[in-house]
Amino acid sequence: MTDQRTALVLGGGGITGIAWEIGVLAGLAEAGTDLTGADLVVGTSAGSVVGAQIASGAGLETLYARQLEPPTDEKAARMTRAALARYAWAVLRSRGRDVEFRRRVGALALAAEKAGLTPTEQERLDVIGSRLLSTEWPDRDLRITAVDAETGEFRALDRSSGVPLLQAVAASCAVPGVYPPVTIDGRRYVDGGMRSAANADLADGYDRVVVLAPIPRGVGPLASVDAQVTGMVARVAVVSPDEGSRRAIGRNVLDPAARAGSARAGRAQAAAVVSQVAEAWQG
């Protein structure tokens, strides 16, 4: 087993996605399958927060307890109907061309910021910083995904990129139309989920892969998790929210009021998937 390389892929899914992923990880560890020692951790959007936390050595029970705390001053964000309409238009106009789609949603993000429809960049950096236990890159193979708002270029940022961890995570969480793009090396970046909700293909070449995907399906040019793991020469387990978790998450994944319920549901779901995950992870 020592030569079997493991990869943990953590997908996007908003505030509730962070909570659900931590709940699943805590439940799996409690049942004897701890994924936090993965050789590679890939984080997209919500998953970038969780990935940065566990790769920095944060204990799962500590992270889980934080998810159960009441949302005191946090307000729910929401994708407006106008923004959703622009997303749909970007999908139609892109005609399956993924880079073109990413350029269009990047333009949407920049326009929303210019119109004052998002928090300021510094406000978002402060929020993301409060979620991280450390703003230093861990001595682990952690890859955080983001998209250039102007060119649509997809990047997987790591400690060798020279990009501060805080900016990398904030960029990966910068949902276009809701949060502002984040400045990296003079360019503006948005949510890595604009390429794929999980970017699971970054784990290609690893022997054992587990994907936690709050949003497993692809829409328009966005690749689904199943499409990205199909053909991998690896043992793969994909975990997405079951019915109980979907109820707990609710309709607005950016609502802090649903965080505690999502964490509890994820932890409960872990008991039902631990055999599948252990088979992929440990064989």
Side-chain angles (χ1 to χ4, degrees), residues 7 9-14 17 40 42-48 51 79-80 82-115 117-118 121 124 142-158 160-163 167-205 209 211 213-232 253:
V9 178
L10 301 164
L40 168 68
V42 176
T44 293
S45 202
S48 72
M79 182 73 70
T80 65
L84 287 171
R86 293 189 187 98
Y87 269 86
W89 182 241
V91 170
L92 290 172
R93 290 291 301 275
S94 302
R95 299 178 182 177
R97 297 188 296 271
D98 53 355
V99 176
E100 176 64 19
F101 169 75
R102 297 198 295 267
R103 281 199 296 263
R104 289 184 180 277
V105 293
L108 181 161
L110 292 166
E113 179 188 37
K114 186 176 181 179
L117 300 178
T118 67
E121 183 174 350
R124 275 301 286 169
L142 169 66
R143 302 179 196 175
I144 303 297
T145 66
V147 167
D148 188 306
E150 293 184 357
T151 67
E153 176 194 9
F154 173 76
R155 289 184 67 183
L157 305 165
D158 60 16
S160 68
S161 66
V163 176
Q167 275 73 14
V169 174
S172 194
C173 293
V175 181
V178 178
Y179 303 124
V182 172
T183 306
I184 294 175
D185 296 332
R187 302 197 63 80
R188 311 302 301 287
Y189 283 82
V190 297
D191 197 329
M194 294 302 100
R195 175 180 180 264
S196 160
N199 295 296
D201 57 329
L202 293 180
D204 195 16
V209 179
V211 184
I215 303 174
R217 297 177 181 175
V219 177
L222 303 183
S224 68
V225 172
D226 285 346
Q228 289 191 322
V229 301
T230 297
M232 279 189 182
V253 300

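In what follows, every heavy atom counts, from backbone to side chain, and hydrogens, waters and symmetry copies are set aside.
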Where is the tightest heavy-atom contact between [X] and [Y], given as atom of each residue plus distance?
X: Glu113; Y: Pro181; value: OE1-CD, 3.8 Å
X: Pro214; Y: Gly17; value: CG-CA, 4.0 Å
X: Ser45; Y: Cys173; value: O-SG, 3.3 Å
X: Val163; Y: Arg155; value: CG2-NH2, 4.4 Å
X: Ala46; Y: Gly14; value: CB-O, 3.3 Å
X: Ala109; Y: Val190; value: CB-CG1, 3.7 Å

Item to check | Backbone N/O of Ser196 and side chain of Asn199: donor-acceptor pair under 3.5 Å | outcome: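 Between the backbone of Ser196 and the side chain of Asn199 there is a qualifying donor-acceptor contact (under 3.5 Å).
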
Would a distance-only check, ignoring hydrogens and angles, find a side-chain to backbone donor-acceptor pair under 3.5 Å from Glu121 to Thr183?
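Here the side-chain-to-backbone pair exists.
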
Quick check for you: to the nearest 0.5 Å, what is the distance between [X] atom [atom1] and [Y] atom [atom2]?
X: Met232; Y: Asp201; atom1: CE; atom2: CG; value: 6.5 Å
X: Arg103; Y: Asp98; atom1: CZ; atom2: CG; value: 10.0 Å
X: Thr44; Y: Met194; atom1: OG1; atom2: CE; value: 10.0 Å

Contacts of type side chain to side chain contact (heavy atoms under 4.5 Å, CB included), residue [X], not counting sequence neighbours:
X: Ser172; result: Ser48, Ile144, Thr145
X: Ala146; result: Leu157, Ala171, Tyr189
X: Val211; result: Val9, Ala198, Ala200, Val209, Ala213, Val225, Val229, Val238

Charged N to carboxylate O below 4.0 Å: is that the case for Arg187 and Asp148?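 Salt bridge: yes.
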
task = Let me know which of Val175, Val147, Val178, Val182 forms a side-chain contact (heavy atoms from CB on, under 4.5 Å) with Asp191.
result =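 Looking at Val175, Val147, Val178, Val182, the match for Asp191 under the side-chain contact (heavy atoms from CB on, under 4.5 Å) is Val175.
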
Q. Do the non-hydrogen side-chain atoms of Arg102 and Glu100 ever get within less than 4.5 Å of each other?
A.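 Contact flag for Arg102/Glu100 side chains = no.
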
Under a plain distance cut-off of 3.5 Å, with no hydrogens placed, do Ser224 and Asp226 share a side-chain donor-acceptor pair?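 There is no such pair between these side chains.
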
